[in-house]
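Note that the numbering runs from 1 along the sequence shown for the chain. As the structure lists them, so they are numbered: ligands from 1, and atoms in each ligand from 1.
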Amino acid sequence: MEQIVSSLWSDCLSHLQTKVSATDYSTWLRPLQADLVNGELVLYAQNQFVANWVQDKFITEITGLARFLAKSDELQVSLRVGSKPTEPQATPVVEKVESELVSPNLRTGITETLTFGNFVQGKSNQLAKAVAQQVAANPGENHCNPFSLYGGTGLGKTHLLHAIGNEILSHKPNARVVYIHSERFVQDMVKAIKANTIENFKKFYRSLDVLMIDDIQFFANKEVTQEEFFHTFNSLFERSKQIIVTSDVFPKNIENIEERIRSRLSWGVNAAIEPPELETRVAILMKKAEERGVYLEEDVAFFLAQKLRTNVRELEGALNRAIAWSNFTHRPITVDAVREALKDLIASYDHLITIENIQKIVAEYYNIKMADLKSKSRTRSVARPRQMAMALAKELTNHSLPEIGREFGGRDHTTVMHACKTISEMRDTDSSIQEDYTNLTRKLSS
Ligand SMILES: Nc1ncnc2c1ncn2[C@@H]1O[C@H](COP(=O)(O)OP(=O)(O)OP(=O)(O)O)[C@@H](O)[C@H]1O
């Protein structure tokens, strides 16, 4: 028991040493004495001042680490003033913690809620997901090691890493699996060098079963980190331990990373993740809303998915804003409400749609000439599409009414206003106009 506590606490100290300054470590943390009392990790400080300081500044970090290392989410950590009693106190609860402490497992940085189950699959990410599932089923197996996942920002790379981690741990709860963002890896390494604990750092990363490093492009120009990563990579790879990295571009094209690392990253398997297509964006929104216990109408999901086209993180952010707005105002989330609540965000996307583009798509859709939309003709076959194009220009761009009028053969702003009003009213009463409107917005936004 004594040995278990001291090993848990010394492991905690080794990690803390790489995370806090050398002064903090030697002043506040190293002098603490540890004991297990009724299944709780009790830290003894020599006086109240030290106890308060550690409580304020370090208790969250210590608790997190102790739970990871003990693999017990229930492990409590508390501070007391004084010295550790010579006779350790034990109760049956200790048995549980004790058995957990001896296991060599480690689960660091993995978010339990990011799983394969809540990763929405579409054409853009199905290969990446399939390879990720294969890696999770057979970590360390040669042809999938290393696994490099690459693609633009906010497209689900990190989500897939966590999903792999969770899947592996669900089958092998004792596996030592670590997820770390590359910037954090660099920071921890710098601290370890300063604190003279780099050997612990190296030992730690080389002892893992699965190492996942996110956004590895941040290693660019960091020669010392690259050197350490290179040796960690070799050490893990030689022992068939799984390495997974993500990057914003194809690994061979990451700039300012040593060639020997780039070439190693292409040894195994790589998969790209692309921006999701409209239907997948809608499905993601519906899933995220469901996870938050919110019912989202499909037309709202379509509206948001049409507006925000390239980044799932922003799409999710927009949904969160809409939900917050609805909670705050006690109003339901409708298309009009979302349009109003997210005006600024939507406007930033709208500049991508031009009046000229709208005229072209509308003319094609109604099989008329673009010039007709700008002409003086008042025949119905031209006037209605013109009104539709004006309404879409008002809806999907940031142009003012006079600006829109000018682009339609120099018409007055009241004509545009009238067109918007007519189309809006007809959408409520005439299903074919509503259908045209939906089809056209989809064409313009995808
Ligand atoms: N297919 C998907 N299904 C469900 N959620 C998704 C999907 N793709 C992305 N997300 C969500 O979008 C958000 C952003 O994804 P993530 O953080 O994984 O992006 P990333 O590709 O790692 O971005 P970055 O390169 O900026 O780190 C997360 O909340 C994630 O859960």
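Judged by distance alone, the side chains of Arg384 and Gln387 do bring a donor and an acceptor atom under 3.5 Å apart.
Listed by chain and residue number, the protein contacts of ligand 1 are Leu114, Asn118, Phe119, Val120, Asn125, Gly152, Thr153, Gly154, Leu155, Gly156, Lys157, Thr158, His159, Asp215, Ile284, Lys288, Val312, Arg313, Glu316 (heavy atom within 4.0 angstrom).
Under the rule for a side-chain contact (heavy atoms from CB on, under 4.5 Å), the partners of Thr329 that lie at least two apart in sequence or sit in another chain are Trp325, Arg331. For the side-chain contact (heavy atoms from CB on, under 4.5 Å) test, residues two or more places apart in sequence or in another chain that qualify with Glu356 are Thr354, Met370.
Shown here is Glu259, whose CD atom has more than 12 heavy atoms of other residues, nucleotides or ligands within 6.0 Å.
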Pairs of donor and acceptor atoms involving the side chains of residues 214-224, under 3.5 Å and at least two apart or interchain, shall be tabulated with distances.
residue, atom, partner, partner atom, Å
Asp214, OD1, Thr246, OG1, 2.4
Asp214, OD2, Thr158, OG1, 2.6
Asp214, OD2, Tyr179, OH, 2.6
Asp215, OD2, His181, NE2, 2.9
Gln217, OE1, Asp248, N, 3.2
Lys222, NZ, Phe218, O, 3.0

**Prompt:** Can you list the steps and then say if Phe147 with Met212 is a side chain to side chain contact (heavy atoms under 4.5 Å, CB included)?
**Reply:** CA-CA 9 Å; Phe147 172 33; Met212 303 191 273; over 6 Å; no
